[in-house]
Amino acid sequence: MKIVVIGGVAGGGSAAARAKRHNHEASVLMLEESAHISYAACGIPYFLSGDVKEASDLKFLDPKKFQETRGVEVRIGHRVLKIDKEKKEVLVKDLEKGEEYKENYDRLVIATGARPFVPPIEGKDLKGVFTLRSFQDGLDLAGAEKFSRVVIVGGGSIGCEMAETYLKLGREVTIIEKKKQILPFLDPEMAEIVENHLREKGVKIELGKGVKEIKGEKRVEEVITDDGSVYPADICLLALGVRPETSLAEEAGLELGARGALGVNEYMETSHPDIYGAGDCCETIHLLTGEKTWIPLGTTANKQGRTAGTNAAGGKMTFWGILGTAQVKVCDLDIARTGLGEEEAKAQEIDVISAKIETHSNAGYYPDVGSLHLKIIAAPDGKILGAQAVGFKGVDKRIDVLATAIHNGMWVDELEAIDLGYAPPYSVPIDPIMVAGSVLEKKIQR
């Protein structure tokens, strides 16, 4: 059996490695357009800030090592131009030699990832205007000319992480966000906590404004919003999110699904036999709503890759779906969410109740005690549907517990019975999860 994987990193890399591990007799070939096949994209802001000293620290395996340890043939600098699903072959271009050739397959895995969303803003191609998605994007930003003023367009996770990065570097930072809040995956009152923290740190935040134009002679000099406001800039980072990279799949006649992502089932099979998908180019199922959705996350890409690789190699593995659990660090704050937010549920006409508490993450007498805001969302009958947390300590612990609770279909009244760990540096005898659950229990309709 010959398995061809288009793309590397989380989705493609895990698919290729898993396929070879499941079927040692299979021939597995990975085709990657860039020079980088295995790296920690989420670590790029920390390399740029200096927390991670070398860019190479973010690279797990180079192509040679990947081949040696995983038994997968890797060809970097090879762009797939076309998929012929009837002939079961792909048209490939060797970018170094400029030559094109055809490669046949028995099974194909599409792991083409996502691309930065860049709207048609005048001046977007000026020198000093960047996006941040790939390893090369990180290297480009690291090599930027000396600068002092940064305008970040977009207040999502990357935008806020990069605001922290540039604060550490002593830069003047402005975030411009078209929505009425930053971090749109949070409910407004939770996002406001982060916004206030960033403002206290010195970040200028402009909400409800879209970018009309980026101006400059030879490089970016200022960013102009749709209300006519002008923001001086030496660097402009477009952090407006990503879109699934599905042009190859669409041209091949494969069905697209949620938000234009590649349509797949629970086995990561596409609409055509012997073609699978994995990673940020693919849709998934939300475990609470049962609806197809698209939430590109590295954790999801790895799990989808393992499923696609196993099944392409002849196995039968299921990828059940996601809760959209995510975390981000912004300066001194940790932020996390899982399941459905209150605003998200209302937008889908799902009735919910919620409770939000502000408490300590651990014992108040312990030297580094931190405040913690915790919100739990449930159905009116008490079924837990979501949670959000913002705080200085203990955020990841609470969200992971609640993600596990939601995954296993728990109810609010069960939260007080969970046997959670306690020691003064880490928690309090009555954990915030239990407290929030108790507050929410009083609102349940019985």
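All values reported here derive from a predicted model rather than from experimental measurement. Computed from heavy atoms alone, side chains included, the values below leave out hydrogens, waters and symmetry copies.
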(message) Using a 3.5 Å distance criterion without hydrogens, assess whether the side chain of T131 forms a donor-acceptor pair with backbone atoms of P116.
(response) no

(request) Indicate yes or no: does K212 engage D227 in a salt bridge with an N to O separation below 4.0 Å. (result) no

(request) Give a yes or no answer on whether the side chain of H22 reaches the backbone of G309 with a donor-acceptor pair at less than 3.5 Å. (result) no

(message) Quick check for you: to the nearest 0.5 Å, what is the distance between L31 atom CG and Y105 atom OH?
(response) 12.5 Å

(request) Using distance alone, with no hydrogens and no angle criterion, decide if T174 and E172 have a side-chain donor and acceptor under 3.5 Å apart. (result) no

(request) Give a yes or no on whether the backbone of F185 and the side-chain of R337 come within a donor-acceptor separation of less than 3.5 Å. (result) yes

(request) Compare every heavy atom of A10 with every heavy atom of N302, then report the nearest pair and how far apart it is. (result) ND2-CB, 3.7 Å

(request) Looking only at non-hydrogen atoms, find the nearest pair between A16 and V72 and report the distance. (result) O-CG2, 3.6 Å

(request) Please assess R79 against D94 for the test salt bridge (Lys or Arg N to Asp or Glu O under 4.0 Å), listing each intermediate value before the final yes or no. (result) CA-CA 7 Å; R79 178 187 298 156; D94 183 328; over 6 Å; no

(request) Examine the side chains of S14 and R306 and answer whether a donor and an acceptor come within less than 3.5 Å of each other. (result) no

(request) Measure the CG-CD1 distance between L238 and I121 for me, rounded to the nearest 0.5 Å. (result) 5.5 Å

(request) Evaluate whether atom CD of E213 has more than 12 neighbouring non-hydrogen atoms of other residues, nucleotides or ligands under 6.0 angstrom away. (result) yes

(message) A cation-pi test, strictly: NZ or CZ of R171 under 6.0 Å from the centre of the six-membered ring of F147 and no more than 45 degrees from its axis. Yes or no?
(response) yes

(request) Taking all heavy atoms of L132 and all of L48, pick out the closest pair and write down the distance. (result) CD2-CD1, 4.5 Å

(request) With rounding to the nearest 0.5 Å, note down the distance linking CD1 in I376 to CD1 in I357. (result) 7.5 Å

(request) Considering non-hydrogen atoms only, spot the tightest contact between I182 and G155 and give its length. (result) CB-O, 3.4 Å

(message) To the nearest 0.5 Å, what is the distance between CG on L254 and OG1 on T246?
(response) 10.0 Å

(message) I'd like to know if the side chain of T310 reaches the main chain of K316, judged simply by a donor and an acceptor atom lying under 3.5 Å from each other, with no hydrogens or angles considered.
(response) no

(request) For T318 and E266, indicate whether the former's side chain and the latter's backbone hold a donor-acceptor pair under 3.5 Å. (result) no

(message) With a 4.0 Å cut-off on N to O distance, would you call R75 and E73 a salt bridge?
(response) yes

(request) Output the distance between atom CD1 (I335) and atom SG (C160), rounded to the nearest 0.5 Å. (result) 7.5 Å

(request) Could you tell me whether the side chain of E206 reaches within less than 4.5 Å of the side chain of I175, counting heavy atoms only? (result) no

(request) Determine yes or no for a side-chain-to-main-chain donor-acceptor pair under 3.5 angstrom, with E177 supplying the side chain and K179 the backbone. (result) yes

(request) List the atom of L323, the atom of L287, and the distance in Å for their closest heavy-atom pair. (result) CD2-CB, 3.9 Å

(request) Would you mind reporting whether I158 and M162 have side-chain heavy atoms less than 4.5 Å apart? (result) yes

(request) Using a cut-off of 6.0 Å, state whether more than 12 heavy atoms not belonging to H407 lie near its atom NE2. (result) no

(message) With heavy-atom distances below 4.5 Å as the criterion, would you say the side chains of M30 and H78 are in contact?
(response) no

(message) Would you say N196 and E200 are linked by a side-chain donor-acceptor pair, where the criterion is simply a distance under 3.5 Å?
(response) no

(request) With I214 as reference, evaluate V129, I224, V153 under the side-chain contact (heavy atoms from CB on, under 4.5 Å) test and give the passing residue. (result) V129

(message) My understanding is that only residues two or more places apart in sequence, or in another chain, count here; which of them pass side-chain contact (heavy atoms from CB on, under 4.5 Å) with S34?
(response) E32, H36

(request) Answer yes if the side chains of T325 and T338 hold a donor-acceptor pair under 3.5 Å, and no otherwise. (result) yes

(request) Can you establish whether the number of heavy atoms outside K329 located under 6.0 Å from its atom NZ is more than 12? (result) yes

(request) Give a yes or no on this: more than 12 heavy atoms of other residues, nucleotides or ligands lie within 6.0 Å of atom NZ of K168. (result) yes

(request) Cation-pi check, R243 to F117: give yes when NZ or CZ is under 6.0 Å from the six-membered ring centre and within 45° of the ring axis, no otherwise. (result) yes

(message) Quick one, K215 with E221, criterion salt bridge (Lys or Arg N to Asp or Glu O under 4.0 Å). Give me CA distance, side-chain angles, the key distance, then yes/no.
(response) CA-CA 6 Å; K215 294 188 71 175; E221 295 175 7; over 6 Å; no

(request) Using side-chain hydrogen bond (donor to acceptor under 3.5 Å, both in side chains) as the criterion, point out the one residue from Q304, R133, R115 that pairs with D280. (result) R133

(request) Could you tell me which residues satisfy ring-ring contact (aromatic ring centres under 6.0 Å, His included) with Y39, sequence neighbours excluded, listed by chain and number? (result) F135

(request) Check the surroundings of atom NZ in K178: do more than 12 heavy atoms from other residues, nucleotides or ligands lie under 6.0 Å from it? (result) no

(message) Do Y231 and K209 pair up side chain to side chain, a donor and an acceptor below 3.5 Å, judged on atom types alone?
(response) yes

(request) Starting at CD of E283, measure out to CG of L256 and round the result to the nearest 0.5 Å. (result) 9.0 Å

(request) Any chance you could lay out the side chain to side chain donor-acceptor pair (under 3.5 Å) test for K356 and H373, step after step, and finish with the verdict? (result) CA-CA 7 Å; K356 177 184 176 295; H373 299 260; 3.2 Å; yes

(request) Answer yes or no: is there a donor N or O on one side and an acceptor on the other, between the side chain of T300 and the main chain of P296, under 3.5 Å? (result) no

(request) Could you pull out all residues at least two apart from D234 that satisfy side chain to side chain donor-acceptor pair (under 3.5 Å)? (result) S148, R149

(request) Inspect the surroundings of NZ in K2 and state if more than 12 heavy atoms from other residues, nucleotides or ligands are less than 6.0 Å away. (result) yes

(request) Check whether any side-chain heavy atom of L237 sits under 4.5 Å from a side-chain heavy atom of L141, and report yes or no. (result) yes

(message) Here's a test for you: under side-chain contact (heavy atoms from CB on, under 4.5 Å), which of V390, I399, V395, V328 qualifies with D334?
(response) V395

(message) I want to check something: taking the side chain as every heavy atom from C-beta on, are K88 and D274 in contact at a cut-off of under 4.5 Å?
(response) yes

(message) Could you report the tightest heavy-atom contact between G370 and F392, atom names first, then the distance?
(response) CA-CB, 4.2 Å

(request) For T293 and E291, run side chain to side chain donor-acceptor pair (under 3.5 Å): C-alpha distance rounded to whole Å, both residues' side-chain angles, the deciding distance at 0.1 Å, then the answer. (result) CA-CA 6 Å; T293 187; E291 299 292 326; over 6 Å; no

(message) If only side-chain N and O atoms count, and only distance matters, is there a donor-acceptor pair under 3.5 Å linking S354 with E342?
(response) yes

(message) Taking S247's backbone N and O only, do any of them form a donor-acceptor pair with E245's side chain (distance below 3.5 Å, no angle check)?
(response) yes

(request) Evaluate the criterion salt bridge (Lys or Arg N to Asp or Glu O under 4.0 Å) for residue pair R219 and E217; output intermediate values, then yes/no. (result) CA-CA 6 Å; R219 59 175 297 118; E217 291 297 327; over 6 Å; no

(request) With salt bridge (Lys or Arg N to Asp or Glu O under 4.0 Å) as the test, would you mind laying out the steps for E195 and K180 before giving the verdict? (result) CA-CA 11 Å; E195 179 190 330; K180 295 295 184 181; over 6 Å; no

(message) Any heavy-atom pair between the side chains of I176 and V211 that's under 4.5 Å?
(response) yes

(request) Report yes if the side chains of I377 and K375 come closer than 4.5 Å at any heavy-atom pair, otherwise no. (result) yes

(message) Can you confirm whether L91 sits close enough to E100 that some side-chain heavy atom of one is under 4.5 Å from a side-chain heavy atom of the other?
(response) yes

